[in-house]
Amino acid sequence: MSRERYSPSEIEPRWQAFWERDQTFRTDEDPAKDKAYILDMFPYPSGAGLHVGHPEGYTATDIVARHLRSKGVAVLHPMGWDAFGLPAEQHALQTGTHPADTTQKNIATFRRQLKSLGFSYDWSREVDTTDPAYVKWTQWIFLELFERGLAYQDEIPVNWCPALGTVLANEEVKDGRSERGGHPVFRVPLRQWMLRITAYADRLLEDLSKVSWPEGTRVMQVEWIGRSEGAEIAFEVEGHPGTRIEVFTTRPDTLFGATFVVLAPEHPVVERITTPARRAEVLAYAARTRGRSERERRESKDKTGEPTGAFAVHPLTGKLIPIWIADYVLWGYGTGAVMAVPGHDGRDFEFAGKFGLPIERVVRSAEVEASAALEAAFESDGIACHSGPYDGLTTAACKAAITAELERSARGRKRVEYKLRDWIFSRQRYWGEPFPIYFPVRCEGDPRTLPESAVSIDFSSPRAVDRSELPLRLPDLEDFKPGEDPAGPLARAKDWRFFQKDGQWFARETNTMPQWAGSCWYYLRFIDPKNEQALVDPAKAKAWLPVDLYVGGAEHAVLHLLYARFWHKVLYDAGIVPTEEPFGKLVHQGMILGEIEYTAYVAEDGTRVSRRDVQEESTPDGRPEFREITTGRTVVPTRVEEAQVTKVGTDFVLAAEPTVAVDARAHKMSKSRGNVINPDSVVQQYGADSLRLYEMFMGPLEATKPWSTASIAGVRRFLDRTWAVCTRTLSPEAPPDGLERLLHRTIKKVGDDLEGLRFNTAISALMQLTNELFGLEAPPRRACETLVLLLHPMAPHIAEELWERMGHPPSIQRVPWPAFDAAMLTDDEVEVPVQVNGKVRGRVKVPTAASEDTVIAAARADENVARHLDGKQLVKVQYVPGRIVTIVVK
RNA sequence: GGCCGAGUGGCGAAAUGGCAGACGCGGCGGAUUCAAAAUCCGCUUUCCAAAAGAAGUGUCGGUUCGAGUCCGACCUCGGCUACCA
């Protein structure tokens with residue numbers, strides 16, 4: 001047997017080529033086998049190439065896929081590209097390269113990088129969301145939504161971002177700025193395509209109980225949907241017969257405590273009811289609110305508002321209460337109007353306090369008098385008081401009683417509200433799927449040559465492109481710039497936009513779909529990627545759905561995962577997919593941070609300031625700034641080397657200046673910080689198997705973990721040792737008993753750990769086995785073979801190579817997973833610790849099957865144990881078989 | 001402010017309520033070497049010169065023969081979210 005060194009750069013490309021030639025990972029569609037659909041969230045192929053975060057989740061699923069295949073399961077494990085999106089288009093703007101070219105180039109890089117890591121994808125099923133053959137079906141699903149009344153147009157205030165030249169969805173806006181790029185965002189009204197996701201709100205909520213997802217993710221979706229039950233109550237406006245203000249409340253039981261009404265400044269009734277004396281101030285306030293960005297509205301938490309001068313009639317008492325406008329009432333939620341109950345709502349309490357409005361208690365707790373003053377809003381449930389006939393009712397009973405009374409007198413009714421809004425589905429961009437929709441045009445002559453003003457498009461009569469004409473392709477453009485008119489760049493492609501049919505001119509929709517569209521259903525296309533007749537063959541969908549394991553980042557906890565569930569349910573209703581939910585088990589891999597960095601704070605004169613004396617502030621433009629608390633002077637964070645710091649207590653301090661504590665933290669990898677690790681260079685230096693193994697060995701899959709280049713050398717050393725052991729002259733003898741038992745234990749542990757996605761402990765078990773074999777001059781062949789079989793899912797290249805060198809034909813993927821014998825999991829003898837009053841005072845070696853009496857006798861005979869028992873009174877003696885002897889004395 | 005998660009050696013971490021720190025990194029010592037790198041062997045939670053021993057899983061309290069693990073209160077860090085009536 002050869003004794004050359006382990007050389008990943010030589011063996012890895014060879015096995016990758018073998019797998020490709022051999023079609024080793026072609027999906028097994030044998031209906032007699034159990035199936036497993038193992039899916040990664042497909043990446044956006046950015047120009048930066050693969051990030052070390054990608055291979056984390058991808059390695060995890062790859063291990064599961066390889067493990068299951070070796071256990072005889074038919075596995076579907078595909079990969080593809082979420083390739084529409086802004087960066088390719090922005091790159092096009094800067095360089096003049098067509099986004100399709102940039103995208104294909106980036107995909108090629110990603111594909112090469114993923115292949116270099118040895119992932120066992122069935123590459124024959126690769127999908128690309130920008131491929132017209134894929135776009136066809138994305139558009140087909142849109143038509144399905146359109147025909148079901150789930151896609152509609154609306155003129156609504158949207159998040160217009162001039163810098164990006166596009167409208168953003170609420171979830172793409174963070175703190176009043178675009179999530180990508182941080183540009184300011186303004187609210188302007190614009191015609192948009194909307195998807196009626198709210199029609200599915202209840203099902204999206206209820207069916208969360210059917211999936212096996214992380215609890216935190218489920219909670220986030222529940223809160224995002226934000227279902228609340230309450231009542232809609234009508235308030236008449238005094239002096240305006242027929243004008244009613246509807247409010248939504250979850251606390252109809254507090255109706256008697258409503259001392260004023262507040263409208264959102266955008267509320268249309270404001271115009272009508274404001275008294276002449278208040279008009280100027282009210283309109284000015286409303287205009288100011290409209291001009292303020294979301295960010296500004298949020299930054300000043302201080303309550304502001306203006307009285308309209310009008311009064312509402314309390315529906316139960318008939319009392320007149322003032323009507324105000326204030327921006328803490330949101331036009332987008334409920335009815336855009338609230339009955340303010342300052343006694344029992346913190347926001348109303350604050351507002352009433354600021355403007356001197358009356359605060360009344362209408363709920364009390366059991367221990368409190370109805371007359372007790374309110375120091376703050378009492379928001380808990382309790383017992384009604386100062387509520388006329390409802391006094392004494394519990395909150396729940398009072399809600400029901402008051403709602404019933406309002407319904408009886410037609411002044412209110414039960415109502416369910418959701419935080420979830422309909423989904424703004426259009427973007428004013430080039431690089432996305434065109435909508436398969438067109439509109440009739442009124443004009444004299446050819447609209448392609450006429451000025452805009454001479455062409456009138458009837459947006460109120462959208463028509464669907466015939467399904468036989470799909471895909472509707474994007475026109476080739478020279479100029480992708482969005483222009484300051486939010487109509488989008490497609491509006492300039494007049495030859496594409498306008499066309500004639502039956503002698504009549506029509507205009508195509510010039511909006512495009514958001515990036516989410518393609519990623520909403522890609523997991524379906526993987527099942528049947530080449531089908532030209534249907535988006536997926538129903539029999540195949542039935543065979544593979546739902547996805548059994550879905551691994552991806554927690555940043556998609558609401559958006560992608562909610563949108564995909566929504567589309568899936570629509571397709572379920574259409575009879576296209578056989579399950580109500582797309583994804584069974586979901587796991588989020590944790591973030592990989594950069595290497596730990598030590599930061600000292602240095603003042604201008606060079607003195608170092610302890611981090612305990614430093615306070616972080618932010619400058620007006622949002623950048624962080626640091627000040628010494630005592631003097632107020634600014635200090636600059638400065639990187640220091642690990643060798644210069646030492647730990648004192650819980651603090652890291654400068655070794656040379658131990659009073660100065662420094663920050664020790666790992667940060668997110670980012671270009672600007674310069675701590676990005678490139679997977680290519682890790683593969684080059686250590687090999688793909690080492691990278692895979694290291695990422696799995698770092699810690700639990702779901703944990704956030706800092707990168708450590710030094711630690712990769714450790715797993716590489718493990719592979720070197722494994723190589724060395726398995727290329728020794730192997731003994732044909734059966735392993736000795738102790739080793740045999742270790743083998744069985746390791747088989748069980750690795751199998752269990754892989755099933756539980758505990759890759760770090762599986763690897764440590766393999767390290768222990770290798771260490772054990774490393775001490776043997778001629779390790780037993782069967783032991784080495786077992787080691788390699790167990791290692792294969794995690795480090796496939798070295799496993800294939802060693803397996804072949806041991807004289808077996810490839811591929812190791814086709815060799816069944818080793819079995820263990822339960823009788824071999826324990827040794828004949830165990831060492832049992834002996835505790836006296838909770839402290840270990842000795843250990844005894846006893847036969848595993850020994851009786852309690854035997855073990856206790858042996859324990860008491862131990863010299864050191866006996867010393868601690870001497871002269872004491874025995875209270876209790878207990879033997880937990882195989883684990884521990886406990887003795888309690890007095 | 002709300003929700004979720006996490007606090008264990010110098011570092012990443014491990015531990016069905018039963019020997020805290022497996023495995024790995026780093027460090028120290030030794031072997032090999034002209035020397036170094038690489039490799040191999042040993043040690044490595046803290047206190048004590050060492051043995052015996054004691055302390056020790058963010059803090060305080062509780063349940064238990066026994067708590068890193070279960071319960072209650074709190075502190076710190078990270079992520080998400082943010083006036084949703």
Side-chain angles (χ1 to χ4, degrees), chain A residues 5 174-175 214-220 222-224 226 228 230 247-251 254 262 297-298 301 303 326-330 332-341 344-348 350-351 417-421 554-555 557-558 590-591 593 595-596 642 645-647 650 652 664-666 693-694 697-700 702-715 717-718 720-721 724 758 760-768 770-771 774-775 831-843 864 867 875-880 882-889:
Chain A
R5 286 179 49 103
K174 252 191 111 168
D175 294 335
E215 193 48 35
T217 304
R218 263 204 301 239
V219 168
M220 278 169 80
V222 167
E223 285 176 358
W224 191 264
S228 48
V247 304
F248 173 70
T249 179
T250 54
R251 291 293 301 272
T254 62
V262 188
R297 259 171 102 151
R298 193 163 311 139
K301 280 261 175 176
K303 295 278 183 291
D327 66 3
Y328 82 91
V329 175
L330 307 176
Y333 182 77
T335 59
V338 303
M339 62 175 207
V341 184
H344 305 283
D345 180 284
R347 297 153 301 187
D348 298 341
E350 198 189 320
F351 192 80
E417 231 355 273
Y418 301 89
K419 274 200 242 178
L420 184 69
R421 304 266 68 101
E555 66 273 23
V558 275
M591 209 191 327
L593 305 174
E595 298 240 9
I596 289 181
E642 190 180 354
V645 301
T646 178
K647 198 169 189 180
T650 56
F652 280 92
R665 259 181 51 193
L693 219 44
Y694 171 62
F697 187 61
M698 289 171 91
E702 281 142 293
T704 303
K705 322 164 256 273
W707 184 264
S708 158
T709 298
S711 296
I712 306 173
V715 294
R717 241 184 319 261
F718 159 63
D720 282 330
R721 287 158 69 88
R758 295 180 299 268
N760 52 335
T761 49
I763 292 166
S764 93
L766 292 175
M767 287 173 166
Q768 285 170 68
T770 292
N771 288 346
F774 197 77
E831 197 184 60
V832 177
V834 183
Q835 279 187 357
V836 180
N837 286 354
K839 292 199 193 302
V840 178
R841 299 299 182 182
R843 290 160 219 288
N864 200 40
R867 203 157 60 77
V875 176
K876 187 172 178 176
V877 185
Q878 190 183 3
Y879 173 50
V880 182
R883 303 234 60 130
I884 201 163
V885 176
T886 50
I887 302 174
V888 183
V889 293

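To find a chain, count down the sequence lines: A is the first, B the second, and so on, and within it residues start at 1.
Summarising the base pairing, B:G21 is matched to no nucleotide, lacking a Watson-Crick or G-U wobble pair whose two defining distances lie under 3.5 Å. In this structure B:C40 sits in a base pair with B:G30, meeting the Watson-Crick or G-U test at under 3.5 Å. Across all strands shown, B:G2 is found opposite B:C80 as a Watson-Crick or G-U wobble partner, with both distances under 3.5 Å. Under the Watson-Crick and G-U wobble criteria, each requiring two contacts below 3.5 Å, nucleotide B:U63 is left unpaired. The pairing partner recorded for B:G7 is B:C75, the criterion being a Watson-Crick or G-U wobble arrangement whose two distances lie under 3.5 angstrom. Using the Watson-Crick or G-U wobble rule with both distances under 3.5 Å, B:U69 pairs with nothing in any strand shown. The partner of B:A54 is B:U46, by the rule that a Watson-Crick or G-U pair needs both atom distances under 3.5 Å.
Within 4.0 Å (heavy atoms only), A:T886 reaches at least one base atom of the nucleic acid.
Annotation: A:W707 is in aromatic contact with A:Y694 [ring centroid separation under 6.0 Å].
Neither OP1 nor OP2 of B:C4 sits under 4.0 Å from any side-chain N or O of A:T217. At the phosphate of B:G9, neither OP1 nor OP2 sits under 4.0 Å from any side-chain N or O atom of A:K647. Neither OP1 nor OP2 of B:A38 sits under 4.0 Å from any side-chain N or O of A:R721. Here A:R758 does not reach the OP1 or OP2 of B:C23: none of its side-chain N or O atoms lies under 4.0 Å away. Taking 4.0 angstrom as the limit, A:K419 places none of its side-chain polar atoms (N or O) nearer than this to OP1 or OP2 of B:U81. Residue A:N771 places none of its side-chain N or O atoms closer than 4.0 Å to OP1 or OP2 of B:A22. Between A:R717 and B:C25 there is a side-chain polar atom (N or O) within less than 4.0 angstrom of OP1 or OP2. Look at A:N760 and you won't find any side-chain N or O under 4.0 angstrom from OP1 or OP2 of B:G24.
A donor-acceptor contact under 3.5 angstrom links the side chains of A:T709 and A:E595, judged on distance only.
Across A:A724 and A:F774, no two heavy atoms sit closer than the pair CB-CE1, 4.3 Å.
B:A22 atom C1' lies 12 Å from atom CE of A:M767, rounded to whole Å. Following rounding to the nearest Å, A:R665 (CZ) and B:G7 (C1') show an atom-to-atom distance of 15 Å.
Set against B:G66, B:G12, B:A55, the side chain of A:Q835 has B:G66 as its closest nucleotide.
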